Amino acid sequence: MRHCKRNVKTNHHPVGTCRMGPDGEGMAGLDEKLRVRGVQDLRVFDVSMMPTLVSGNTNAPALAVADRAVTLKMN
């Protein structure tokens, strides 16, 4: 078990755990401004908002989402 804890890793890139979607979509936890539905003053700026996995690494999309959100000053 100790060997596994030190050496085993995952290459999974989880996305969609708090997906963005239109009003009325039951599985969408975020609105179009990345606001968490049902929670006041909370937004998600990472790849969990993507409804589907991108074909490449998720690092660049994560940076793009955060940059866009900050640039737009999403009020």
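Keep in mind it's a predicted model, so treat the numbers as computed, not measured.
The shortest non-hydrogen separation linking Met20 to Asp31 is CG-O, 3.2 Å. Nearest heavy atom pair, residue Cys18 against residue Leu30, reads O-CD1, 3.1 Å. Pro22 approaches Ala28 most closely through the heavy-atom pair O-CB, 4.5 Å. The shortest heavy-atom contact between Leu34 and Ala69 is CD1-CB, 4.2 Å.
Remark: Leu42 engages Val36, Val39 in a side-chain contact (heavy atoms from CB on, under 4.5 Å) (not counting sequence neighbours).
Atoms CZ and CE, on Arg19 and Met49 in that order, are 10.5 Å from each other to the nearest 0.5 Å. Atom OG1 of residue Thr58 and atom CG of residue Leu63 lie 9.5 Å apart, to the nearest 0.5 angstrom.
Only one option out of Arg35, Arg37, Lys33 pairs with Asp23 in a salt bridge (charged side-chain N to carboxylate O under 4.0 Å, His left out); it is Arg37.
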